[in-house]
Amino acid sequence: MKTANTRTLAASALLVVVIAHAAGAQAPLSKQATPLAGAPLVETRRTAIDALAFDRPLDRETIRKWMHISSRCTLAEFELFLAPLAPDEEKLLAKIARMPAPIVNRLPTDDLRGVLASGGLLSLREEEKRKGQVAHTTPAVENDLYGAFDCVFASVGPPHGSPRYGDAIIRLKDSVRENGWATPFSGMHFLFAIRHKDARKMQQLLAEGKSLSSKPTDPLSLGFDDRLHFSHYVVTEDHWNRALAYQAILVLRGADDSPAGRRVRARFQSLLTENDPLRFWESFIPAREEDLSTEEAAARAPFGYLEGKFAEKLSIDDFTAIEVPRQRLAEVLAWPEARNYRALIRAKAESAP
């Protein structure tokens with residue numbers, strides 16, 4: 001049986017309360033002349049305010065403006081539902097505002113060669129424009145949900161990124177956030193853990209060339225309600241750190257008086273006095289470890305996480321460092337594609353997973 005602590009920790013990634021679509025409209029998405037990241041979410045929100053069709057196609061500027069509006073609403077809801085904040089909670093908000101969250105892309109070292117040749121990280125659609133059909137890991141179900149094929153991804157918070165995506169690290173300038181948006185989890189996790197759907201089966205159907213139903217009664221459907229729900233998790237760049245702080249406050253409030261809960265509270269306190277950015281974020285989001293006991297896993301629960309999404313491309317000019325496994329450093333530096341970027345390339349620290 002899950003304890004109250006683990007239940008709260010599992011729920012702490014949720015950014016907002018679900019707002020239901022009272023009219024129940026299931027209007028189809030309008031066709032966009034050019035696919036745009038985030039467009040399915042904006043189209044759904046536009047339909048939610050009036051089920052009649054809107055004739056004007058969405059453009060990048062409209063999508064961007066909607067994301068800022070949605071993000072402000074999300075943060076305002078957090079402020080309302082969490083108020084009043086305790087003094088230590090206020091301190092974390094102030095502290096994290098001065099501690100920009102690391103923005104990191106992870107990928108297999110072998111894929112780094114293509115990044116260097118392209119001059120940056122490309123969305124799947126941009127890669128296919130340049131190279132034709134390419135191997136990729138972006139789930140088609142996430143493209144149906146919010147336009148993932150037009151996104152470049154990066155983790156926001158973990159100091160060394162998410163190792164499950166590869167053994168090489170690309171560290172990004174904080175300024176890239178000006179052109180990004182984020183959600184507290186991936187689309188696959190959202191469909192599985194929040195919408196309680198078999199996301200893997202949905203992905204398999206798409207891989208077989210089949211379409212997903214939009215009927216709410218179909219357990220493998222992906223439709224209006226799913227996009228509407230996901231749209232309420234969007235947070236834009238100027239709110240990323242506050243969103244992470246609010247997630248941490250939820251974790252803190254859910255910590256019970258068990259040994260794991262006491263360690264969570266002690267780790268929260270340590271954040272208030274930690275001035276080294278690396279140590280701060282290593283404590284905020286501890287590295288994943290295998291075979292932990294239930295108590296140890298609860299004690300090391302992350303305080304928050306965001307998956308950053310950027311439209312189409314992140315240039316190498318936006319990189320601050322490229323880190324590869326030490327045993328492959330000489331090989332990578334010898335690649336012809338690396339010639340102009342050797343100053344950025346270095347060995348990954350032993351402590352980095």
Side-chain angles (χ1 to χ4, degrees), residues 6 9-10 12-13 101-115 121-124 127 134-143 145-146 148-149 151-172 176 180 182-194 197-204 206-207 230 233 240 244 247 251 278 281-294 296-310 314 319 321-328 332 347-353:
T6 55
L9 293 177
S12 65
I103 306 171
V104 178
N105 175 278
R106 294 284 295 243
L107 73 169
T109 298
D110 289 336
D111 291 352
L112 182 60
R113 195 164 189 167
V115 172
L121 293 162
L122 304 178
S123 69
L124 172 62
E127 278 199 282
V134 296
H136 67 94
T137 58
T138 307
V141 69
E142 293 196 9
N143 188 58
L145 179 63
Y146 65 86
F149 288 171
C151 296
V152 175
F153 298 92
S155 63
V156 181
H160 305 296
S162 299
R164 66 182 179 275
Y165 295 120
D167 56 357
I169 296 172
I170 294 178
R171 300 191 182 279
L172 298 164
V176 301
T183 57
F185 31 57
S186 69
M188 289 287 283
H189 179 83
F190 164 78
L191 290 168
F192 174 75
I194 310 304
K197 299 189 177 188
D198 190 338
R200 288 192 179 91
K201 178 62 175 176
M202 295 166 72
Q203 175 62 21
Q204 182 60 37
L206 291 172
F230 192 72
Y233 296 105
W240 284 359
L244 289 166
Q247 290 182 55
V251 173
L278 177 60
W281 290 106
E282 284 179 338
S283 182
F284 194 93
I285 307 180
R288 292 189 178 191
E289 295 184 12
E290 300 294 330
D291 303 320
L292 294 177
S293 66
T294 301
E296 186 67 24
R300 291 177 58 81
F303 280 123
Y305 175 82
L306 289 172
E307 180 184 85
K309 301 163 180 68
F310 307 86
L314 285 174
F319 299 4
I322 300 170
E323 301 176 3
V324 299
R326 189 171 299 276
Q327 66 271 22
R328 298 198 63 180
V332 172
K348 187 169 62 174
E350 296 295 336
S351 58

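One is the number of the first residue; the rest follow in order along the sequence.
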Qualifying residues under side chain to side chain donor-acceptor pair (under 3.5 Å), relative to E307, sequence neighbours excluded = K309
Output yes when a side-chain donor or acceptor of N105 lies under 3.5 Å from a complementary backbone atom of F153, and no otherwise.
-> yes
Counting N and O atoms only, with roles assigned by atom type, does the side chain of R288 sit under 3.5 Å from a partner on the main chain of S162, one being a donor and the other an acceptor?
-> no
When rounded to the nearest 0.5 angstrom, what is the spacing between OG1 in T109 and CD in E323?
-> 11.0 Å
Non-hydrogen atoms of G180 and F310 that approach each other most closely | CA-CD2, 3.6 Å
Are D110 and R328 close enough that some pair of their side-chain heavy atoms sits under 4.5 Å apart?
-> yes
Ring pair (Phe, Tyr, Trp, His ring centres under 6.0 Å) partner of F185, the single match among Y233, F192, Y305 = Y233
Ring pair (Phe, Tyr, Trp, His ring centres under 6.0 Å) involving W281 - partner list, sequence neighbours excluded = F284
Look up atom NZ in K201 and atom CG in L191, then write down how far apart they are to the nearest 0.5 Å.
-> 15.5 Å
Rounded to the nearest 0.5 angstrom, the CZ-CD distance for R300 and E289 is 4.0 Å
Smallest heavy-atom separation, R326 atom then K348 atom, equals NH2-O, 3.9 Å
Donor-acceptor under 3.5 Å (N143 side chain, F149 main chain) = yes
Just by distance, do the side chain of E142 and the backbone of G187 share a donor-acceptor pair under 3.5 Å?
-> yes
P102 and P159 have their tightest heavy-atom pair at CG-CA, 3.9 Å
F230: what forms a ring pair (Phe, Tyr, Trp, His ring centres under 6.0 Å) with it, not counting sequence neighbours?
-> Y146, F190
Under 6.0 Å from the CZ atom of R113, do we count more than 12 heavy atoms belonging to anything else shown?
-> yes
So, do L278 and H160 sit near enough that their side-chain heavy atoms are less than 4.5 Å apart?
-> yes
How long is the span from the CG atom in D167 to the CG atom in D111, to the nearest 0.5 Å?
-> 9.5 Å
Decide yes or no on side-chain contact (heavy atoms from CB on, under 4.5 Å) for R106 and I170, but give the supporting numbers first.
-> CA-CA 6 Å; R106 294 284 295 243; I170 294 178; over 6 Å; no
Apply side-chain contact (heavy atoms from CB on, under 4.5 Å) to the pair F303 and I285, showing each step before the final yes or no.
-> CA-CA 6 Å; F303 280 123; I285 307 180; 5.9 Å; no
Please name the pair of heavy atoms, one in A182 and one in L306, separated by the smallest distance, quoted to 0.1 Å.
-> CB-CB, 4.0 Å
Has the side chain of E282 got a donor or acceptor atom that lies under 3.5 Å from a matching backbone atom of A287?
-> no
Please lay out, stage by stage, how V141 and M188 fare under the test side-chain contact (heavy atoms from CB on, under 4.5 Å).
-> CA-CA 8 Å; V141 69; M188 289 287 283; 3.1 Å; yes
Between Q247 and P184, what is the shortest heavy-atom contact and its length?
-> NE2-CB, 4.1 Å
V251 to P302 - nearest heavy-atom pair and separation | CG2-O, 3.9 Å
What distance separates I322 CD1 from R171 CZ, expressed to the nearest 0.5 Å?
-> 12.0 Å
